[in-house]
Amino acid sequence: MILESYRKEINSGGFQDISSEILFFKTQKQLPLSQLIYYSKLHSFYVQAPKGGKKFLTEFINTKLKKLNKFFLINSEFGEYIETNQSYLDAFYFTREFNNIVITEALLHFRNPDFNTSHDFLLGEVKANKLFIKFLKQQLQRLDSDYSDTSESKNELKWTGSKAGLTELIYALHEQKVFNNGNTDLKDIAAFFKEAFHFDTGDIYRTFSELKSRKKSRTPFLEELSINLLTKMRDSDY
């Protein structure tokens, strides 16, 4: 690990002067450190992310973003110091002479007193959190894309037939026992069709009673379904 190699090298040789120490903790150490913190945050995200769908995941991500915004608000002065390329406090922030280490979330996991300055971990977390915010926003965009109004999808199927016809089909499939080897309740099949075809099946038991009271054919939809299929087969033979 790069950071461990750096630590051993510094413990054995130290720095030539304050400038080289500042350069190391402010710049050289930051790339592997910020990446370590960033990927640790990614790992935690994937472990903790809820699996309940868009609503729960969106709330989870927004909570993360609020926490990150609070982090940057609390550390706004230091953030501005870094963003504006200031250096007048570098000896205080990035040398080990000063021991008032700023405790950060990352430091709680990776703290090493012989290999930290008061603010090097804070800088690493600033850099990592910027990357993490970008990642979280990309996840929100991906959620919007993946779950974008499937009801308006070009490939969506809507039932445009009658409620009576759909009821005939639901009852026929239930009696044919084609779902789960016949171990499926009628109401579950009706609920599936309602969701899949975005059609309110209403009270299928009442509709079924109305079907039984028909004076002519009780199953005109199923009969027409069979006739149309046979016609298609016949026509395709020529």
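Remember, predicted model here, so these are calculated numbers, not experimental data.
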A.B. asks: Go through it in stages, so that I can follow the logic: the residues are L136 and L68, the test is side chain to side chain contact (heavy atoms under 4.5 Å, CB included), and I'd like the CA-CA distance, side-chain angles, deciding distance and then a yes or no.
C.D. replies: CA-CA 11 Å; L136 292 175; L68 289 167; 3.6 Å; yes

A.B. asks: Donor-acceptor pair, S34 side chain versus L31 backbone, under 3.5 Å?
C.D. replies: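 Answer holds: yes.
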
A.B. asks: Test side chain to side chain contact (heavy atoms under 4.5 Å, CB included) on I37 and F121; report intermediate values, then the result.
C.D. replies: CA-CA 9 Å; I37 298 172; F121 255 94; 4.2 Å; yes

A.B. asks: If you take the centroid of each ring, where Trp contributes its six-membered ring, are H119 and F78 closer together than 6.0 Å?
C.D. replies: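 Between F78 and H119, the centre distance is under 6.0 Å.
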
A.B. asks: Within the supplied structure, the quantity of interest is the number of heavy atoms (other residues, nucleotides, ligands) at a distance under 6.0 Å from K216 NZ; does it exceed 12?
C.D. replies: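 12 or below, so no.
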
A.B. asks: Just verifying a value: how many Å separate L140 CG and L65 CG, rounded to the nearest 0.5 Å?
C.D. replies: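 One gets 6.0 Å once the value is rounded to the nearest 0.5 Å.
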
A.B. asks: Working to the nearest 0.5 Å, report the span between CD1 of I227 and CG of L222.
C.D. replies: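 Answer rounded to 0.5 Å: 11.0 Å.
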
A.B. asks: Any side chain to side chain donor-acceptor pair (under 3.5 Å) involving residues 178-192? Give me the pairs, sequence neighbours left out, ordered by first then second residue.
C.D. replies: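 As it turns out, the side chain to side chain donor-acceptor pair (under 3.5 Å) pairs with a partner in residues 178-192, which skip direct neighbours, are N180-T184.
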
A.B. asks: Salt bridge (charged side-chain N to carboxylate O under 4.0 Å, His left out) with E210: which residues, sequence neighbours excluded?
C.D. replies: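 E210 satisfies salt bridge (charged side-chain N to carboxylate O under 4.0 Å, His left out) with R206 only.
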
A.B. asks: With S76, which residues qualify under side chain to side chain donor-acceptor pair (under 3.5 Å), at least two apart?
C.D. replies: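 Testing S76 for side chain to side chain donor-acceptor pair (under 3.5 Å), a comparison that skips the adjacent residues, returns none.
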
A.B. asks: Quick one: do the Q16 and S20 side chains pair a donor with an acceptor below 3.5 Å?
C.D. replies: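 Not at all, the side chains of Q16 and S20 share no donor-acceptor pair under 3.5 Å.
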
A.B. asks: Identify the two heavy atoms, one from T201 and one from A190, that lie closest to each other, and give their separation to 0.1 Å.
C.D. replies: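 Nearest heavy atoms, T201 then A190: CG2-O, 4.0 Å.
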
A.B. asks: Contact between L57 and Q139 at the side-chain level, heavy atoms closer than 4.5 Å - yes or no?
C.D. replies: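 The answer is no, as the side chains (C-beta and beyond) never meet within the 4.5 Å cut-off.
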
A.B. asks: Report the distance from atom CZ of R142 to atom CG of D144, rounding to the nearest 0.5 Å.
C.D. replies: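 Separation between the atoms: 12.0 Å.
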
A.B. asks: Taking only residues two or more places apart in sequence, or in another chain, which ones meet E80 in a side chain to side chain donor-acceptor pair (under 3.5 Å)?
C.D. replies: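 For E80, no residue satisfies side chain to side chain donor-acceptor pair (under 3.5 Å) once neighbours in sequence are set aside.
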
A.B. asks: Taking only residues two or more places apart in sequence, or in another chain, which ones meet K177 in a side chain to side chain contact (heavy atoms under 4.5 Å, CB included)?
C.D. replies: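 Per chain and number, K177 pairs via side chain to side chain contact (heavy atoms under 4.5 Å, CB included) with no residue.
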
A.B. asks: For side chain to side chain contact (heavy atoms under 4.5 Å, CB included), just list the numbers for L36 and L3, CA-CA rounded to whole Å, side-chain angles, deciding distance to a tenth of an Å, and then say yes or no.
C.D. replies: CA-CA 9 Å; L36 174 63; L3 287 173; 3.7 Å; yes

A.B. asks: Take V126 and F72 through the test side chain to side chain contact (heavy atoms under 4.5 Å, CB included) and record every step on the way to the result.
C.D. replies: CA-CA 8 Å; V126 166; F72 280 106; 3.9 Å; yes

A.B. asks: Can you label the angle between the F45 ring and the F60 ring as parallel, tilted or perpendicular, going by 30° and 60°?
C.D. replies: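 Taking F60 first and then F45, their aromatic rings sit tilted (interplane angle of 30° to 60°).
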
A.B. asks: For L33 versus G124, what's the shortest heavy-atom pair and its separation?
C.D. replies: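 So the two residues come closest at CD2-CA, 4.2 Å.
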
A.B. asks: Quick one: which residue pairs count as a ring pair (Phe, Tyr, Trp, His ring centres under 6.0 Å) with a foot in residues 25-44, not counting sequence neighbours?
C.D. replies: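 Ring pair (Phe, Tyr, Trp, His ring centres under 6.0 Å) check on residues 25-44 returns F15-F25.
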
A.B. asks: Say whether, by atom type as modelled, one donor and one acceptor occur between the side chain of S118 and the main chain of F92 under 3.5 angstrom.
C.D. replies: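 Pair found, side chain donor or acceptor close to backbone of F92.
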
A.B. asks: Nearest 0.5 angstrom please: L211 CG to R218 CZ, how far?
C.D. replies: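 Interatomic distance, L211 CG to R218 CZ, rounded to 0.5 Å: 9.5 Å.
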
A.B. asks: Any chance CD of Q176 has more than 12 other-residue heavy atoms, nucleotides or ligands included, within less than 6.0 Å?
C.D. replies: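 Check fails, neighbour count at 12 or below.
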
A.B. asks: With a 4.5 Å limit on heavy-atom distance, are the side chains of S12 and I10 in contact?
C.D. replies: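 Sidechains of I10 and S12: no contact.
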
A.B. asks: Could you name each residue pair satisfying salt bridge (Lys or Arg N to Asp or Glu O under 4.0 Å) that touches residues 126-138, not counting sequence neighbours?
C.D. replies: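 Only E83-K130 qualify under salt bridge (Lys or Arg N to Asp or Glu O under 4.0 Å).
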
A.B. asks: According to side chain to side chain donor-acceptor pair (under 3.5 Å), who are the partners of K194, at least two apart in sequence or on a separate chain?
C.D. replies: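 Side chain to side chain donor-acceptor pair (under 3.5 Å) list for K194, sorted by chain: empty.
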
A.B. asks: Under the ring pair (Phe, Tyr, Trp, His ring centres under 6.0 Å) rule, what pairs show up with a residue in residues 162-195, not counting sequence neighbours?
C.D. replies: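 Found Y171-F208, F193-F197.
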
A.B. asks: Is any side-chain heavy atom of E125 closer than 4.5 Å to a side-chain heavy atom of F71?
C.D. replies: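 E125 vs F71: side chains touch.
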
A.B. asks: Quick test of your reading: applying side chain to side chain donor-acceptor pair (under 3.5 Å), list the pairs with at least one residue in residues 160-170, sequence neighbours left out, ordered by first then second residue.
C.D. replies: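 As it turns out, the side chain to side chain donor-acceptor pair (under 3.5 Å) pairs with a partner in residues 160-170, which skip direct neighbours, are E168-R214.
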
A.B. asks: Between the main-chain N or O of Y205 and the side-chain N or O of S209, is there a donor-acceptor pair closer than 3.5 Å?
C.D. replies: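 Judged by distance alone, yes, a pair lies under 3.5 Å.
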
A.B. asks: Mind checking the CZ-CG spacing from F221 to L169? Nearest 0.5 Å is all I need.
C.D. replies: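 Separation between the atoms: 5.5 Å.
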
A.B. asks: Tell me whether Y46 shares a hydrophobic cluster with F132, the cluster being built from Ile, Leu, Val, Met, Phe, Trp, Tyr side chains joined at under 4.5 Å.
C.D. replies: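 Yes, it is one cluster - the side chains of Y46 and F132 are joined through contacts under 4.5 Å.
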
A.B. asks: Output every pair passing salt bridge (Lys or Arg N to Asp or Glu O under 4.0 Å) with a member in residues 8-30, not counting sequence neighbours, ordered by first then second residue.
C.D. replies: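 Only E21-R96, K26-D90, K29-D120 qualify under salt bridge (Lys or Arg N to Asp or Glu O under 4.0 Å).
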
A.B. asks: Does L143 reach the side chain of I61, with side-chain heavy atoms less than 4.5 Å apart?
C.D. replies: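 In short, these two side chains touch, coming nearer than 4.5 Å.
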
A.B. asks: Could you measure the distance from the CD atom of E224 to the CG atom of L229? Nearest 0.5 Å is fine.
C.D. replies: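 The CG atom of L229 is 12.5 Å from CD of E224, to the nearest 0.5 Å.
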
A.B. asks: Can you find a heavy atom in the side chain of Y6 that is under 4.5 Å from one in the side chain of Q28?
C.D. replies: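 A side-chain contact under 4.5 Å exists here.
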
A.B. asks: Give the cluster check for Y88 versus L23: same hydrophobic cluster or not, with ILVMFWY residues linked at side-chain heavy-atom distances below 4.5 Å.
C.D. replies: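 Y88 and L23: separate clusters.
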
A.B. asks: Restricting to side chain to side chain donor-acceptor pair (under 3.5 Å), what partner residues turn up for T207, sequence neighbours left out?
C.D. replies: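 Partners of T207 by the side chain to side chain donor-acceptor pair (under 3.5 Å) criterion come out as none, since no residue qualifies.
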
A.B. asks: Regarding Q48 and K64, do their side chains bring together a donor and an acceptor under 3.5 Å, going by distance alone?
C.D. replies: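 Distance-only check passes for Q48 and K64.
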
A.B. asks: When clusters are formed by joining ILVMFWY residues with side-chain heavy atoms under 4.5 Å apart, either directly or through shared neighbours, do L122 and L73 land in the same one?
C.D. replies: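 No, L122 and L73 fall in different hydrophobic clusters.
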
A.B. asks: Give me the ring orientation class for Y93 and Y81: parallel if the planes are under 30° apart, tilted from 30 to 60°, perpendicular past 60°.
C.D. replies: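 Geometry flag for Y81 against Y93: perpendicular rings.
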
